[in-house]
Amino acid sequence: MEDTLVRDKLQKGIYKVINPLVRGLIKIGFTPNLVTVTGLVLNIMVAIVFIKGAEQGNRGDLSYVGWAGALILFAGLFDMLDGQVARLGNMSSSFGALFDSVLDRYSELIMFLGICYYLVSHHYFISSLAAFIAMIGSMMVSYIRARSEGLGIQNSGGLMQRPERVILLALSAIACGITGHFIGGNYKYYVPGISFHVFETMTIFTLPIAVMAVLTNITAIKRLRNAKKALEAKGR
């Protein structure tokens, strides 16, 4: 409950900052659906950057990861803007809400496609598996909420909701790209007595993905349990 209150206060603070931009978009003719489509296009570009990095870059070149992270953050801004454009522009509709939810799922899946392609291509097989599990968890977090609401239950709590996922991926990717520029993408740290490295530059990006893989699925399970309790309380 406290987490939800903190998250709501933070969200209201962010909206105060971006509302001038929202009003500007409304003034030049942007609709909520157009903002949503823009977010999808940007996430397609994120996947393209990762795929280009897989095909044209080498394992030690993490610049593609950094630029993709910056683009994830920019695309995430549009994920926040569409709802505000609908509210401030009095353009809310049931179909608009559905359209937003559907394209958000496409956006996230396409982004993870690019990440998995990059990791597999550069032989980060365990990390690619973690990314795939994180993708599953992300989809289930959203699906369980939507299915619960269809049954008349509000079920939106837990960690690693979409804004948190976007911020974590974006910042870790940006940090990975910047660190790779200064210390090199092939940097590895070894502990005496251990035959394998315990850290490499890419870990800055892949470790948060592994954390996301765990937390998204924990959140999904928690929401499923919450839905079960709520349905039982209603005698259903």
Side-chain angles (χ1 to χ4, degrees), residues 36-81 103-139 141-142 160 162-191 194-217:
T36 302
V37 170
T38 302
L40 173 63
V41 171
L42 289 171
N43 275 292
I44 291 173
M45 291 173 63
V46 169
I48 290 172
V49 171
F50 275 118
I51 292 170
K52 187 175 180 181
E55 295 295 326
Q56 299 182 9
N58 56 62
R59 186 180 169 100
D61 181 9
L62 302 182
S63 61
Y64 291 96
V65 176
W67 284 114
L71 202 51
I72 290 171
L73 199 59
F74 187 53
L77 176 63
F78 281 83
D79 287 340
M80 295 181 61
L81 288 177
L103 261 65
D104 279 353
R105 303 292 79 74
Y106 271 115
S107 292
E108 197 159 14
L109 287 169
I110 290 169
M111 178 189 67
F112 272 112
L113 169 65
I115 292 172
C116 289
Y117 190 97
Y118 182 92
L119 294 173
V120 170
S121 295
H122 290 305
H123 309 294
Y124 295 101
F125 295 117
I126 294 176
S127 295
S128 66
L129 179 61
F132 186 72
I133 294 171
M135 180 182 71
I136 293 172
S138 298
M139 292 303 103
V141 166
S142 300
M160 285 296 137
R162 182 156 168 76
E164 289 92 330
R165 298 195 298 268
V166 168
I167 291 172
L168 181 62
L169 282 173
L171 295 184
S172 61
I174 292 170
C176 183
I178 293 173
T179 305
H181 175 75
F182 286 104
I183 69 173
N186 289 317
Y187 173 82
K188 293 179 175 63
Y189 179 76
Y190 291 86
V191 173
I194 299 178
S195 60
F196 55 89
H197 63 273
V198 296
F199 173 87
E200 61 181 317
T201 313
M202 191 62 173
T203 307
I204 296 171
F205 181 51
T206 56
L207 182 59
I209 290 176
V211 171
M212 184 185 299
V214 174
L215 293 182
T216 51
N217 285 284

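Smallest separation of non-hydrogen atoms from T203 and P208: O-CD, 3.7 Å. Shortest non-hydrogen contact noted between H122 and G53 is NE2-O, 3.1 Å. Across all non-hydrogen atoms, the minimal contact from S138 to F112 is OG-CE1, 3.9 Å. Of all heavy-atom pairs between G76 and V166, the closest is CA-CG1, 3.9 Å.
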Compile the donor-acceptor pairs under 3.5 Å between side chains in residues 61-72 and protein atoms, sequence neighbours left out, one pair per line.
residue	atom	partner	partner atom	Å
D61	OD1	S63	N	3.2
D61	OD1	S63	OG	2.7

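With rounding to the nearest 0.5 Å, the separation of CG in D104 from OG1 in T36 is 6.5 Å. Atom-to-atom distance recorded for L168:CG and I209:CD1 is 8.5 Å, nearest 0.5 angstrom. Expressed to the nearest 0.5 Å, how far CZ of F182 lies from OG1 of T201 amounts to 13.0 Å. Going from atom CG of L103 over to atom CG of D79 covers 9.5 Å, rounded to the nearest 0.5 Å. In this structure, the separation between CG on N43 and CG on L113 is 11.5 Å, given to the nearest 0.5 Å. Taken from CD1 in I51 to SG in C116, the straight-line distance is 11.0 Å, to the nearest 0.5 Å.
Counting heavy atoms from C-beta outward, F125 and V120 have side chains that approach closer than 4.5 Å. Looking at heavy atoms from C-beta onward, R162 lies in side-chain contact with S107 at the 4.5 angstrom threshold. Contact annotation: the side chain of L207 never approaches that of F199 to less than 4.5 Å [non-hydrogen atoms, C-beta and beyond]. In this structure, the side chains of L215 and E164 stay at 4.5 Å or more apart for every pair of heavy atoms. Inter-residue side-chain proximity for M111 and L169 is flagged as met; some heavy-atom pair is nearer than 4.5 Å. Inter-residue side-chain proximity for F196 and K188 is flagged as unmet; no heavy-atom pair is nearer than 4.5 Å. You'll find the side chain of T206 stays beyond 4.5 Å of the side chain of E200, heavy atoms only. At least one side-chain heavy atom of M212 sits under 4.5 Å from a side-chain heavy atom of M160.
Under a 3.5 Å cut-off, the side chain of H123 and the backbone N or O of R59 do not form any donor-acceptor pair.
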Residues M135, L109; criterion side chain to side chain contact (heavy atoms under 4.5 Å, CB included); working and verdict: CA-CA 7 Å; M135 180 182 71; L109 287 169; 3.7 Å; yes
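In M139, the CE atom is crowded: over 12 heavy atoms of neighbouring residues, nucleotides or ligands sit closer than 6.0 Å. When the shell of 6.0 Å around CD1 of I194 is examined, it contains more than 12 heavy atoms from other residues, nucleotides or ligands. Enclosure of atom NE2 in H197 by more than 12 non-hydrogen atoms of other residues, nucleotides or ligands within 6.0 angstrom is indicated. A 6.0 Å sphere centred on OH of Y106 holds no more than 12 heavy atoms belonging to other residues, nucleotides or ligands. Counting heavy-atom neighbours within 6.0 Å of Y189 OH, excluding the residue itself, gives a total of 12 or less.
A perpendicular orientation is assigned to the rings of F50 and Y118, their planes being inclined by more than 60° (bins at 30° and 60°).
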